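Residue indices begin at 1 and follow the sequence shown. For clarity, every value in this text was computed on a predicted model and none was experimentally measured.
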Amino acid sequence: KSINTGNGISNFAEKLEKSALVMQMIHAYRVRGHLLASINPLGLDGYSYPELDPAYYGLNIWDLEREFPSDSTWGADSMQLRSIIEILRESYCGSIGIEYMSIADIAKKDWIKKKI
């Protein structure tokens with residue numbers, strides 16, 4: 001069924017699928033984003049991690065301006081993909097890399113997620 005969503009994606013199934021892919025990308029940043037952290041003092045070339053590239057999920061340049069569900073701790077239920085990626089890169093790929101998804105205690109994991 002096609003509907004007009006006002007953001008360029010007219011097919012409901014396509015919008016739902018892309019939203020799920022964005023959530024997968026958010027999870028990938030939480031698990032692997034620290035691998036892109038800018039912690040190399042010599043400035044040597046780093047590695048490429050395909051799971052941290054929006055293209056890996058079939059997201060393209062036109063999707064950057066579209067709204068997708070976001071993490072509720074970010075203060076909005078939905079955001080433009082461009083903003084989601086900015087938050088992910090600032091949170092997980094800065095000069096300090098953070099990896100907390102291996103923590104088994106859900107309360108501790110949620111506390112860290114909210115502080116980041």
## Note on the structure
The reported gap from CG in Asp105 to CH2 in Trp111 (rounded to nearest 0.5 angstrom) is 12.5 Å
### Query
Under 3.5 Å, side chain of Ser19 to main-chain N/O of Pro69, donor-acceptor pair present?
no
### Message
side-chain contact (heavy atoms from CB on, under 4.5 Å), that's the test. Do Leu81 and Arg66 meet it? Break it down for me.
### Response
CA-CA 6 Å; Leu81 181 59; Arg66 294 185 177 132; 5.9 Å; no
## Note on the structure
Closest non-hydrogen contact found for Lys18 with Asp63 is NZ-OD2, 2.6 Å
### Task
State the CG-CG distance between Leu52 and Leu35, to the nearest 0.5 angstrom.
7.5 Å
### Query
Can you check side-chain hydrogen bond (donor to acceptor under 3.5 Å, both in side chains) on Arg32 and Tyr92, steps first, answer last?
CA-CA 8 Å; Arg32 304 217 191 312; Tyr92 303 106; over 6 Å; no
### Query
Measuring from Glu67:CD to Ile84:CD1, what's the distance to the nearest 0.5 Å?
8.0 Å
### Point-to-point distance, once rounded to the nearest 0.5 Å, from OG of Ser91 to CH2 of Trp74
7.0 Å
### Task
Start with the C-alpha distance between Met25 and Leu21, add both sets of side-chain angles, then the distance that settles side-chain contact (heavy atoms from CB on, under 4.5 Å), and finish with yes or no.
CA-CA 6 Å; Met25 184 179 69; Leu21 293 169; over 6 Å; no
### Message
Measuring from atom CD1 of Ile87 to atom OH of Tyr29, what distance do you get when rounded to the nearest 0.5 angstrom?
### Response
12.5 Å
### Query
Considering residues at least two apart in sequence or located in another chain, which fulfil the salt bridge (Lys or Arg N to Asp or Glu O under 4.0 Å) criterion with Arg82?
Glu65
#### Entry: Atom pair CD1 (Ile112) and CZ (Arg30), whose distance is rounded to the nearest 0.5 Å
12.0 Å
